[in-house]
Amino acid sequence: MSEKKRSWSKRMGLMAAAAAAASAATISPAAAAVEPAAAAVEAAGDITITAEGRGLVEYIDDGDVFTVCDTNGGDGYGVVMKIYYKAPVTIPPSAARYELAKSVYDGNGGGCTKVGYDIGDVGSYYFTLEWAGYEVAKSRTFND
């Protein structure tokens with residue numbers, strides 16, 4: 001092989017090595033780290049959210065029971081409680097997002113709907129209260 005071809009091959013090899021190193025730096029172990037917001041998840045405890053004159057949702061940690069109440073049955077709208085869950089680690093990390101885990105309707109105005117839903121100690125949860133198709137209250141994020 002001539003000196004010129006060897007020099008060209010050497011430069012191409014160095015460029016390929018540099019490109020591989022840059023690619024490895026872009027996909028570093030830090031990219032797979034759990035997002036900092038996950039550390040802000042609190043232990044559940046009991047949680048209540050309300051929308052004045054519309055409804056409420058009460059979560060009792062002991063037994064993982066949700067109570068959904070339409071407090072204004074005469075308005076023609078019920079209320080919907082939605083529980084959302086986000087896994088602690090996803091591949092790729094950018095895919096981490098809250099997914100709807102459960103939805104419960106109460107619209108009788110004369111009572112409440114109780115439902116159990118197992119809140120785990122991995123990942124994070126929050127729940128919302130909707131009235132007339134609009135989110136009117138939202139809990140903090142939590143887990144067991």
Side-chain angles (χ1 to χ4, degrees), residues 5-144:
K5 284 184 179 177
R6 253 188 239 134
S7 176
W8 182 83
S9 294
K10 190 174 183 179
R11 276 185 284 162
M12 292 307 288
L14 288 173
M15 286 174 41
S23 175
T26 315
I27 307 170
S28 68
V34 176
E35 65 186 273
V41 175
E42 298 177 32
D46 296 344
I47 304 169
T48 301
I49 59 173
T50 62
E52 207 56 45
R54 308 266 194 278
L56 67 88
V57 178
E58 180 181 49
Y59 168 70
I60 303 299
D61 187 22
D62 185 19
D64 290 339
V65 176
F66 289 85
T67 303
V68 184
C69 300
D70 175 7
T71 58
N72 189 0
D75 68 1
Y77 297 100
V79 293
V80 177
M81 182 246 343
K82 292 183 178 178
I83 303 170
Y84 294 89
Y85 169 74
K86 180 171 72 169
V89 177
T90 59
I91 305 297
S94 61
R97 64 175 185 251
Y98 283 92
E99 301 284 342
L100 180 63
K102 184 149 187 91
S103 181
V104 177
Y105 173 82
D106 183 75
N108 57 18
C112 297
T113 302
K114 286 189 177 191
V115 63
Y117 184 81
D118 185 28
I119 299 297
D121 58 358
V122 176
S124 59
Y125 299 82
Y126 73 88
F127 56 93
T128 62
L129 177 65
E130 292 184 3
W131 173 83
Y134 297 97
E135 182 180 296
V136 292
K138 181 177 177 180
S139 75
R140 61 179 167 78
T141 57
F142 65 98
N143 64 17
D144 221 10

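The analysis underlying the following values was restricted to heavy atoms, covering all of them including side chains, and did not include hydrogens, waters or symmetry mates. Positions are given from 1, in the same order as the sequence printed here. For clarity, every value in this text was computed on a predicted model and none was experimentally measured.
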Q: Of all heavy-atom pairs between Arg97 and Lys86, which one has the smallest distance, and what is that distance?
A: O-CG, 3.6 Å

Q: Report the distance from atom CD1 of Ile47 to atom CD of Glu58, rounding to the nearest 0.5 Å.
A: 11.0 Å

Q: Does one side chain, of Asn72 or Trp131, offer a donor that lies under 3.5 Å from an acceptor on the other?
A: no

Q: Can you give me the closest heavy-atom contact between Leu129 and Val57, atom names plus distance?
A: CD1-CG2, 3.7 Å

Q: With side-chain contact (heavy atoms from CB on, under 4.5 Å) as the criterion, how do Tyr59 and Asp64 come out once you've worked through the C-alpha distance, each side chain's angles and the decisive distance to 0.1 Å?
A: CA-CA 7 Å; Tyr59 168 70; Asp64 290 339; 2.5 Å; yes

Q: Is the OH atom of Tyr77 crowded by more than 12 outside heavy atoms at less than 6.0 Å?
A: no

Q: Could you measure the distance from the CG atom of Asp46 to the CD1 atom of Ile60? Nearest 0.5 Å is fine.
A: 4.0 Å

Q: Looking at Tyr98, Tyr126, Phe142, which hits ring-ring contact (aromatic ring centres under 6.0 Å, His included) with Tyr84?
A: Tyr126

Q: What's the shortest heavy-atom distance between Tyr85 and Ala101, and which atoms?
A: CB-CB, 4.3 Å

Q: Write down the atom of Arg54, the atom of Val79, and the distance for their closest heavy-atom approach.
A: O-CG1, 3.6 Å

Q: Heavy atoms only: give me the nearest Asp121-Asn143 pair and the separation to one decimal.
A: O-ND2, 3.5 Å

Q: Heavy atoms only: give me the nearest Thr71-Leu56 pair and the separation to one decimal.
A: CG2-CD2, 4.3 Å

Q: Donor-acceptor pair, Tyr125 side chain versus Gly120 backbone, under 3.5 Å?
A: yes

Q: Does atom CG (Asp62) have a neighbourhood of more than 12 heavy atoms from anything else shown, all under 6.0 Å?
A: no

Q: Let me know which of Ile49, Val115, Thr128, Asp106 forms a side chain to side chain contact (heavy atoms under 4.5 Å, CB included) with Met81.
A: Val115

Q: Would you check if the side chain of Asp70 reaches a backbone N or O of Gly55 as a donor-acceptor pair within less than 3.5 Å?
A: no

Q: Keeping Ser139 on the side-chain end and Phe127 on the backbone end, is there a donor-acceptor pair under 3.5 Å?
A: yes

